[in-house]
Asker: 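I'd like to ask you about the structure that follows.
Everything quoted here is computed from the prediction, not taken from an experiment.
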Amino acid sequence: QVQLVESGGGLVQTGGSLRLSCAASGRTFTSLPMGWFRQAPGKEREFVSTISSSTINTLYADSVKGRFTISRDNARNTVFLQMNSLKPEDTAVYYCAAGILMSTVANHYSYWGQGTQVTVSS
């Protein structure tokens, strides 16, 4: 079992930055690929980014490529999402997830955090 707790969300103006954190506990964190997803009101949950257990491989949604950076600190059991140049369309609840596969598909992740709200004002 893996427990995930996100933090770092908030209200920011267009063009601003936020850094989300996801602290993991329970099963061996270092062996699990991690992902970030987001869900805006009335929309389906969508893939944002994922990182391999080794930190070598990363993937990003086209909508955030060049603006967001995923990273992880295996010594601290934490994964991060640095979000720069934020836009109003980035407004959503952001979830971190842990899974067996490094994937862009939400159903491939078995463990989820409770989410953290990110609101970007125009």
Side-chain angles (χ1 to χ4, degrees):
Q1 196 74 7
V2 176
Q3 293 79 41
L4 303 172
V5 179
E6 301 99 333
S7 61
L11 174 64
V12 65
Q13 292 185 335
T14 296
S17 298
L18 283 173
R19 188 192 195 205
L20 305 184
S21 299
C22 174
S25 61
R27 198 178 148 186
T28 305
F29 170 80
T30 57
S31 67
L32 300 177
M34 299 293 295
W36 285 97
F37 289 77
R38 66 187 182 186
Q39 188 166 17
K43 295 187 177 181
E44 293 186 355
R45 191 167 298 190
E46 66 172 357
F47 167 75
V48 175
S49 183
T50 182
I51 187 167
S52 62
S53 57
S54 66
T55 77
I56 292 175
N57 297 308
T58 59
L59 290 172
Y60 296 92
D62 287 343
S63 59
V64 306
K65 202 172 293 183
R67 300 187 297 123
F68 291 11
T69 302
I70 192 170
S71 62
R72 65 191 292 166
D73 184 340
N74 286 339
R76 294 167 55 190
N77 284 6
T78 304
V79 63
F80 304 97
L81 186 69
Q82 178 66 44
M83 306 186 296
N84 299 328
S85 302
L86 282 162
K87 305 174 181 180
E89 51 263 45
D90 294 318
T91 296
V93 177
Y94 283 71
Y95 298 90
C96 73
I100 299 174
L101 298 174
M102 185 180 169
S103 173
T104 64
V105 178
N107 286 345
H108 291 170
Y109 291 82
S110 300
Y111 307 102
W112 292 84
Q114 82 288 350
T116 185
Q117 176 71 46
V118 171
T119 303
V120 184
S121 63
S122 57

Asker: Which residue pairs pass the disulfide (SG to SG under 2.5 Å) test with at least one member in residues 29-79, sequence neighbours excluded?
Answerer: none
Asker: Does one hydrophobic cluster hold both Tyr111 and Val93, with members joined at side-chain heavy-atom distances below 4.5 Å?
Answerer: no
Asker: Excluding sequence neighbours, so at least two apart, what forms side chain to side chain donor-acceptor pair (under 3.5 Å) with Ser49?
Answerer: none
Asker: Which ILVMFWY residues are connected to Val5, directly or by a chain of links, through side-chain heavy atoms under 4.5 Å apart?
Answerer: none
Asker: Going from CD on Gln13 to OG on Ser122, what distance comes out if it is rounded to the nearest 0.5 angstrom?
Answerer: 9.5 Å
Asker: When clusters are formed by joining ILVMFWY residues with side-chain heavy atoms under 4.5 Å apart, either directly or through shared neighbours, do Ile70 and Tyr109 land in the same one?
Answerer: no
Asker: Sequence neighbours excluded and cut-off under 3.5 Å, please list the side-chain donor-acceptor pairs for residues 81-89, or say none.
Answerer:
from: Gln82; atom 1: NE2; to: Asn84; atom 2: OD1; distance (Å): 2.9
from: Asn84; atom 1: OD1; to: Ser17; atom 2: OG; distance (Å): 2.9

Asker: Which residue pairs satisfy the disulfide (SG to SG under 2.5 Å) criterion with at least one member in residues 58-100, sequence neighbours excluded?
Answerer: Cys22-Cys96
Asker: Roughly how far apart are Ile51 CD1 and Leu59 CG, rounded to 0.5 Å?
Answerer: 10.0 Å
Asker: For Asn107, which residues count as a side chain to side chain donor-acceptor pair (under 3.5 Å) partner, sequence neighbours excluded?
Answerer: none
Asker: Looking only at atom types and distance, does a side-chain atom of Thr91 sit under 3.5 Å from a main-chain N or O of Val120, one as donor and one as acceptor?
Answerer: yes
Asker: For Asn74 and Phe29, what are the C-alpha separation, side-chain angles and deciding distance, and is it a side chain to side chain contact (heavy atoms under 4.5 Å, CB included)?
Answerer: CA-CA 7 Å; Asn74 286 339; Phe29 170 80; 3.2 Å; yes
Asker: For Tyr95, what residues pass the ring pair (Phe, Tyr, Trp, His ring centres under 6.0 Å) criterion, not counting sequence neighbours?
Answerer: none
Asker: Quick one: pull up CG in Leu101 and CG in Leu32 and give me the separation to the nearest 0.5 Å.
Answerer: 11.0 Å
Asker: In Å, rounded to the nearest 0.5 Å, how long is the span from OG of Ser31 to CD1 of Ile100?
Answerer: 9.0 Å
Asker: Which residues satisfy the salt bridge (charged side-chain N to carboxylate O under 4.0 Å, His left out) test with Lys43, sequence neighbours excluded?
Answerer: none
Asker: With distance as the sole test, does Arg72 use its side chain to make a donor-acceptor pair with the main-chain N or O of Ser52 at under 3.5 Å?
Answerer: yes
Asker: Do Trp112 and Leu20 share a hydrophobic cluster (ILVMFWY, side-chain heavy atoms under 4.5 Å, transitive)?
Answerer: no
Asker: Quick one: ring pair (Phe, Tyr, Trp, His ring centres under 6.0 Å) pairs with a partner in residues 46-87, sequence neighbours left out?
Answerer: Phe37-Phe47
Asker: Kindly state each residue pair satisfying disulfide (SG to SG under 2.5 Å) with at least one member in residues 48-79, sequence neighbours excluded.
Answerer: none
Asker: Find the distance between CG (Leu11) and CD (Gln117) and round it off to the nearest 0.5 Å.
Answerer: 9.5 Å
Asker: For Arg45, give me all partners under salt bridge (charged side-chain N to carboxylate O under 4.0 Å, His left out), at least two apart in sequence or on another chain.
Answerer: none
Asker: Are Leu18 and Val64 linked, directly or through other ILVMFWY residues, by side chains that come within less than 4.5 angstrom of each other?
Answerer: yes
Asker: To check you understand the geometry: which heavy-atom pair defines the closest contact between Ala24 and Val2, and what is its length?
Answerer: CB-CG1, 4.5 Å
Asker: Could you grab the distance from atom CD of Gln3 to atom CG of Asn77, nearest 0.5 Å is fine?
Answerer: 11.0 Å
Asker: For Val105 and Ser103, work out which heavy atoms get closest and say how close.
Answerer: N-OG, 2.9 Å
Asker: Can you check whether Met34's main-chain N or O pairs, donor with acceptor, with Thr50's side chain at less than 3.5 Å?
Answerer: yes
Asker: Under the salt bridge (charged side-chain N to carboxylate O under 4.0 Å, His left out) test, which residues partner Arg38, sequence neighbours left out?
Answerer: Glu46, Asp90
